[in-house]
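Step one of this worksheet: look at the structure below.
A quick note: this is a predicted structure, and the numbers were derived from the prediction, not measured. Proteins come first, then strands; the chains are lettered A, B, ... in the order of their sequence lines, and each starts at number 1.
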2 protein chains.
Amino acid sequence: MAAQEQYEELARQLSAVAAVRRDLGRLLPPDCSPASAVVLALVQKHGELRMSRLAELMAVDMSVTSRHVTYATEHGWLVRLPDPADRRSRLLSLSPDGEALLREVSTRYTQALATCLQDWSDDDIGALTGLLARLRTSFGDCRARPQHLAHAADAAAAG
Amino acid sequence: MAAQEQYEELARQLSAVAAVRRDLGRLLPPDCSPASAVVLALVQKHGELRMSRLAELMAVDMSVTSRHVTYATEHGWLVRLPDPADRRSRLLSLSPDGEALLREVSTRYTQALATCLQDWSDDDIGALTGLLARLRTSFGDCRARPQHLAHAADAAAAG
DNA sequence: TATTGTTATACTCTATAACTATA
DNA sequence: TATAGTTATAGAGTATAACAATA
């Protein structure tokens, strides 16, 4: 097990990475919120999706997902079709405009990252991407067993 | 230079790490917002600080910093003293209550991370922490020369 | 009864602009 | 004039709870 100092430093860096996310968000076209970019990218990556599945992938409450999807639908980037298998559910897919927007976003992100990360090797970038993916998995597994995180907080509070 | 797909994947992972940050935020004591935890940790790490320096470290506007510091001061965690060298400025330092809160936060974070990252080696954690720090530096350098990021967006828009 | 999704409400975080006080 | 900091305002993101429709 790592030292406390090492965990504290990781927590600090995880907080600080928000600044990078804000920088990337500023690159987006006027009407495209960061959340819209995330939603569109996930629908593209996973294909036709239900709301509940999208909420799970974003790790946010479904009420939040619903607002983001409504916004993207009103802007013509996303299409909500009824699910023939379950009439409570709706299936999301990208519109042609959504695909075009996503290409634009990808171009801007790539351009900015290539500029800022000039001195990063492919391996560096791959290592960071891989570790972030693994971090999400580790936390996702924890979240699936809520007693873990809750226990950690309770134990700390009791100590 | 890395492939476009690699940059897109990195951008996705950077967006997704927000979920981990939210999970950590949920561990905090009732009155302690995530922003308060960040402010207190920075004051502890860097010692007596001016508002402008704190804003720079958080990479947010000074108006945002001002609100966070006011909140932490009203809760008795932070002390704002006049700067004898410049009467426009104020110097921030931790109160005993602030130090105690920070110890509590550190315990909770450490407990949760130790639980979720059970199968991570010290080297894994160090690698992720180091890469995140480097990412911030690379973006910080870019931000210091705004034409870089702006140029990236403009070039993409023109393309 | 349980589940899918939507809406209302409230809270946190951030940026812009206008302002005060001091350099 | 320029800089340090504050405040007002607006916008984006999220969670909780109450609700409608369907399984």
Side-chain angles (χ1 to χ4, degrees), chain A residues 14-39 48-75 78 80-92 143 146, chain B residues 15-39 42 48-75 78 80-92 143 146:
Chain A
L14 288 173
S15 288
V17 79
V20 173
R21 292 183 58 243
R22 287 196 299 275
D23 283 339
L24 286 177
R26 277 185 267 270
L27 298 172
L28 294 172
D31 280 348
C32 181
S33 66
S36 292
V38 170
V39 167
E48 222 174 38
L49 277 179
R50 300 172 63 153
M51 295 291 306
S52 50
R53 175 67 179 143
L54 182 58
E56 186 184 326
L57 290 169
M58 297 180 71
V60 297
D61 191 88
M62 196 159 51
S63 66
V64 176
T65 309
S66 182
R67 293 181 73 89
H68 293 324
V69 166
T70 297
Y71 182 89
T73 302
E74 285 169 351
H75 282 75
L78 226 48
R80 274 190 289 211
L81 295 174
D83 180 350
D86 183 343
R87 282 190 300 168
R88 293 173 304 180
S89 181
R90 309 171 82 167
L91 293 176
L92 308 174
R143 207 180 305 120
Chain B
S15 288
V17 80
V20 174
R21 292 182 57 245
R22 288 196 298 275
D23 282 339
L24 285 178
R26 276 186 267 270
L27 297 173
L28 294 172
D31 281 348
C32 180
S33 66
S36 292
V38 169
V39 166
L42 285 172
E48 223 174 38
L49 277 178
R50 300 173 62 153
M51 296 290 307
S52 50
R53 174 68 179 140
L54 182 58
E56 185 184 326
L57 290 170
M58 296 180 71
V60 297
D61 192 87
M62 196 159 49
S63 66
V64 176
T65 308
S66 181
R67 294 183 71 89
H68 292 324
V69 167
T70 297
Y71 182 90
T73 301
E74 286 171 349
H75 281 76
L78 228 47
R80 274 189 288 210
L81 295 173
D83 181 350
D86 183 344
R87 281 191 301 168
R88 295 171 303 180
S89 181
R90 310 171 83 169
L91 294 176
L92 308 174
R143 206 181 305 122

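One can place CE of B/M62 at 13 Å from C1' of C/dA17, the figure rounded to the nearest angstrom. B/R90 has its CZ atom 16 Å from the C1' atom of D/dT3, to the nearest Å. In this entry the distance linking CE of A/M51 with C1' of C/dT4 reads 9 Å, nearest Å. Residue A/H75 contributes atom NE2, which lies 13 Å from atom C1' of D/dA12 at whole-angstrom precision. Across the protein-nucleic acid pair, A/D83 atom CG and C/dT6 atom P stand 13 Å apart, rounded to whole Å. Look at CG on B/L81: it is 16 Å from C1' on D/dA4, rounded to the nearest Å. In this entry the distance linking CZ of B/R21 with P of D/dA15 reads 13 Å, nearest Å. Taking atom CZ of residue B/R53 and atom C1' of nucleotide D/dG5, one finds them 17 Å apart after rounding to whole Å.
Of the side-chain N and O atoms in B/T65, none sit less than 4.0 angstrom from OP1 or OP2 of D/dG5. Taking only side-chain nitrogens and oxygens, B/R80 comes nearer than 4.0 Å to OP1 or OP2 of D/dT6. For the pair B/S89 and C/dT22, the criterion of a side-chain N or O lying under 4.0 Å from OP1 or OP2 is not met. Not one side-chain nitrogen or oxygen of B/R67 sits closer than 4.0 Å to the OP1 or OP2 atom of C/dC13.
Side-chain atoms of B/H68 lie closest to C/dT14 of the nucleotides C/dT14, D/dA23, D/dG5. Relative to the side chain of A/D61, the nucleotides C/dT6, D/dA15, D/dT6 differ in distance, and D/dA15 lies closest. When the nucleotides C/dT14, D/dA23, D/dA15 are ranked by their closest atom to the side chain of A/V60, D/dA15 comes out on top.
Of the two residues near DNA chain C, A/V69 and A/R22, the one whose nearest nucleotide lies more 5' is A/V69. Nearest-nucleotide assignment on DNA chain D puts the 5′-proximal partner with A/S33, out of A/S33 and A/P84. When each of A/S36 and A/S63 is assigned the nucleotide of DNA chain D bearing its nearest heavy atom, the one mapping closer to the 5' terminus is A/S36. Positionally, the nearest nucleotide of DNA chain C for A/R88 lies more toward the 5' end than for the other of A/R88 and A/V64.
A donor-acceptor contact shorter than 3.5 Å is absent between the side chain of B/S66 and the backbone of B/M62.
Considering every non-hydrogen atom in both A/R53 and A/L49, the closest pair reads CG-CD2, 3.3 Å. Closest of all the heavy-atom pairs between A/A19 and B/M58 is CB-O, 4.5 Å. The minimum heavy-atom distance linking B/P84 with B/L91 is given by the pair CD-CD1, 4.5 Å.
Side chains of B/S33 and B/S36: a donor on one and an acceptor on the other come within 3.5 Å.
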